[in-house]
Amino acid sequence: MDPSLILRRPSDADAPAVVDLINVADAHDYGDVDMDIDDVREEWAGLDLQTDAWLVESAHGGELIGYASLTSKANVQLRAYVCVRPEQRRRGIGRELVRLVEERGNQLVPLAAADARVVLVGWLKGCSAPEMRWANGLGYEFRRKFLRMRIDMIEPPPQPSCPDGIRVRTYRPEDARPVFDALEEAFSDHWGHVPSTFGDWMRRTDRQDFDPSLWWLAFDGDEIVGTSLCEPMADGGWVSSLCVRRPWRKRGIARAIRLHSFGEFWRRDRRTVSLGVDADSLTGATLLYESVGMHVRTQYDQVGKVLRDGIDTETRTISA
């Protein structure tokens, strides 16, 4: 890497600069900006900044040029995030950050079950041949296509209609464990899913912008059968966890709780709502989102490198 650059570990005080860097890069690459300080702090709460995050800055003036982090899902799916300021690319910064992330990832491999496959994954701008060639040159292969979908509401969304016996309300603190269990069950049918832990998931409720009135839950009796967990964004809203457990699917529950979410954002004068989804969703989620007026805004390509071969513990198909 260029000797005029400084590589160091981040501290909590660097969070605002990291947000600015990521948003500059996202605006250039995707035309969208959605990162905020709570997103960075939530990620950092789950990793050790002294071993799993890196900054690159200019030796003159201290401008932040690059950032990378490594997070883990059950020690078998390691997730790399690498970001370089657009005008500073093609200087070997991204390559060096990937090398550091991969080196750290190999150190974590022994933490996984002895017979499990361990894969390091990251995301690229979709349909970008130069970026894919760059990743391929580093030994990473295409894994899956993901979409960012959005709705731009110009009128109030339709009133939700719940199936008989289903009621919808917002989240309460005592719902925490049942919500987590419902999410894990439902998302076990999503490609690439790796089980999470309750403690990791609970960090979502520690965010400064956590708003339980934007978390919608569908009940059958006293049982949680579906969720639409949302959060505000600078230009609208974001849906991070829409799911329905398998026995209750294809009854209109997902559409109903989605419309509850849209309606709440409309009442708050937030007209744009976005989400991320697997382009080839095993549960047909993209068709549902299109049916309520959402359209594809951006494509992301997931790439990966196997750090240790073994039994694949990620979801690939919906089991019987």
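Note that the numbering runs from 1 along the sequence shown for the chain.
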Within this structure, what is the OG1-CG distance for the pair Thr286 and Asp278, rounded to the nearest 0.5 Å? 8.0 Å
Which heavy atom of Val101 sits nearest to which heavy atom of Leu70, and what is that distance? CG1-CD1, 3.8 Å
Quick one: does any side-chain atom of Glu131 pair with a main-chain N or O of Leu124 as donor and acceptor, under 3.5 Å? no
Backbone of Glu231 reached by a side-chain donor or acceptor of Asp211 within 3.5 Å: no
Between Trp266 and Arg271, is there a cation-pi geometry (under 6.0 Å to ring centre, at most 45° from the normal)? yes
Between the main-chain N or O of Phe146 and the side-chain N or O of Gln302, is there a donor-acceptor pair closer than 3.5 Å? no
So Asp14 and Tyr67, side-chain contact (heavy atoms from CB on, under 4.5 Å) or not? Walk me through it. CA-CA 11 Å; Asp14 293 308; Tyr67 166 71; over 6 Å; no
Tell me the closest heavy-atom pair linking Arg255 and Ser291, and the distance in Å. NH1-O, 3.3 Å
Taking Gln208's backbone N and O only, do any of them form a donor-acceptor pair with Asp38's side chain (distance below 3.5 Å, no angle check)? yes
Determine whether a donor-acceptor pair (N or O, by modelled atom type, separation under 3.5 Å) exists between the side chain of Asn23 and the backbone of Met35. yes
Testing the 3.5 Å rule here: is there a donor-acceptor pair between the side chains of Trp238 and Asp34? no
Starting at CE of Met233, measure out to CG of Asp36 and round the result to the nearest 0.5 Å. 8.5 Å
Once rounded to the nearest 0.5 Å, what's the spacing between atom CG of Leu217 and atom OG1 of Thr227? 7.0 Å
Nearest heavy-atom neighbours spanning Ser188 and Thr315: O-OG1, 2.9 Å
Is the shortest side-chain heavy-atom distance between Val18 and Leu55 below 4.5 Å? yes
Counting C-beta onward and ignoring hydrogens, is there a side-chain heavy-atom pair between Val56 and Glu96 closer than 4.5 Å? no
Return the CE to NE2 distance between Met149 and His295, rounded to the nearest 0.5 Å. 8.5 Å
Taking every heavy atom of Phe262 against every heavy atom of Met153, the minimum-distance pair comes out as O-CE, 3.7 Å
Phe265 ring centre to Arg270 NZ or CZ under 6.0 Å, with the angle to the axis within 45°? no
State the OG-CZ distance between Ser72 and Arg104, to the nearest 0.5 angstrom. 10.0 Å
Given side chains that start at C-beta, do those of Ser274 and Arg297 come closer than 4.5 Å, heavy atoms only? no
For side-chain contact (heavy atoms from CB on, under 4.5 Å), just list the numbers for Val244 and Lys250, CA-CA rounded to whole Å, side-chain angles, deciding distance to a tenth of an Å, and then say yes or no. CA-CA 9 Å; Val244 175; Lys250 301 187 184 303; over 6 Å; no
Determine whether the side chains of Ser213 and Arg268 contain a donor N or O and an acceptor N or O closer than 3.5 Å. yes
Between Trp201 and Tyr171, how do the two ring planes meet: parallel, tilted or perpendicular, split at 30° and 60°? perpendicular
Mark yes or no for whether Ser228, through its side chain, and Arg258, through its backbone, hold a donor-acceptor pair below 3.5 Å. no
Run the numbers on Arg245 and Asp220 for salt bridge (charged side-chain N to carboxylate O under 4.0 Å, His left out), then give the verdict. CA-CA 11 Å; Arg245 293 166 58 195; Asp220 186 349; over 6 Å; no
Could you point out which residue of Thr205, Asp206, Asp200 forms a side chain to side chain donor-acceptor pair (under 3.5 Å) with Arg203? Asp200
Pair Arg267 + Glu264: basic N to acidic O under 4.0 Å: yes
Measuring only between side-chain heavy atoms, which start at C-beta, is Ser69 closer than 4.5 Å to Leu47? yes
Which pair of heavy atoms, one from Arg9 and one from Ala53, lies closest together, and at what distance? NH1-O, 2.8 Å
Between Arg143 and Glu141, is there a side-chain N and carboxylate O pair less than 4.0 Å apart? no
Does Arg79 pair with Glu43 as a salt bridge, N-O distance under 4.0 Å? no
Does a side-chain heavy-atom distance below 4.5 Å link Lys73 with Ser196? yes
Do His28 and Arg85 have side chains that get closer than 4.5 Å, going by heavy atoms? no
Nearest heavy-atom approach of Ala254 to Leu288 is CB-CD2, 3.5 Å
Please evaluate residues Trp54 and Leu7 with respect to the criterion side-chain contact (heavy atoms from CB on, under 4.5 Å), reporting the C-alpha separation (whole Å), side-chain torsions for both, the decisive distance (0.1 Å), and the verdict. CA-CA 7 Å; Trp54 301 260; Leu7 177 70; 4.2 Å; yes
Backbone of Arg172 reached by a side-chain donor or acceptor of Asp175 within 3.5 Å: yes
Side chains of Val303 and Leu138, heavy atoms from C-beta outward: is any pair under 4.5 Å? no
Can you check side-chain contact (heavy atoms from CB on, under 4.5 Å) on Tyr300 and Asp29, steps first, answer last? CA-CA 11 Å; Tyr300 302 81; Asp29 294 338; over 6 Å; no
Looking at Glu314, is its backbone amide N or carbonyl O close enough to the side chain of His193 to form a donor-acceptor pair, meaning the two atoms are under 3.5 Å apart? no
Tell me whether Arg90 at atom CZ has more than 12 heavy atoms from other residues, nucleotides or ligands lying less than 6.0 Å away. no
Geometric class of the His190/Phe187 ring pair [parallel <30°, tilted 30-60°, perpendicular >60°]: tilted
Side-chain heavy-atom pair Trp134, Arg89 within 4.5 angstrom cut-off: no
